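Below: the structure, in structure tokens.
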Amino acid sequence: VLARYGLTRAEADRSAWAIEPGGRRWEGAAALGRTMAELGGPAAWPAVLYRVKPMGAVVDAAYRWFARRRAQFERFGVRPECDEPGAGCE
């Protein structure tokens, strides 16, 4: 899966990614915002807020904080996709 989208395991471990069919890529909080925008409806509202400069900076910082501590949240059911059995990330 990673090779198909041109990502390394280190990149996948570091951040969430959204990749459009044309190849445009978003990383981290921007990827989550892009995904929510694509979902539309009520899910798109956080994506609108993300595009406001001060809010986007706050969300980026919060994402980086969470991403560095992702393993600590595993007890709450948060588990990186590539750590799932049979994920095929290697």
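The structure presented is a predicted model; accordingly, all values stated were derived computationally and were not measured.
In this structure, Tyr50 OH and Asp60 CG are separated by 3.5 Å, a value rounded to the nearest 0.5 Å. Distance check, rounded to the nearest 0.5 Å: CD1 of Ile19 to CG of Leu7 gives 4.5 Å. Atom CD of Glu11 and atom CZ of Arg25 lie 5.5 Å apart (nearest 0.5 Å).
Judged by distance alone, the side chain of Tyr5 and the main-chain N or O of Gly23 form no donor-acceptor pair under 3.5 Å.
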Hey, mind stepping through Leu2 and Arg9 against side-chain contact (heavy atoms from CB on, under 4.5 Å) and telling me if it holds? CA-CA 7 Å; Leu2 296 176; Arg9 174 67 193 258; 4.2 Å; yes
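Here the shortest heavy-atom pairing between Ala16 and Ala31 reads O-CB, 3.6 Å. What you find for Ser15 and Gly28 is that their closest heavy atoms are CB-N, 3.8 Å. In terms of heavy-atom proximity, Pro46 sits nearest to Pro42 at CD-O, 3.7 Å.
No more than 12 heavy atoms of other residues, nucleotides or ligands shown are found within 6.0 angstrom of CZ on Arg24.
Using a cut-off of 4.0 Å between Lys/Arg side-chain N and Asp/Glu carboxylate O, Glu27 and Arg14 are scored as salt-bridged.
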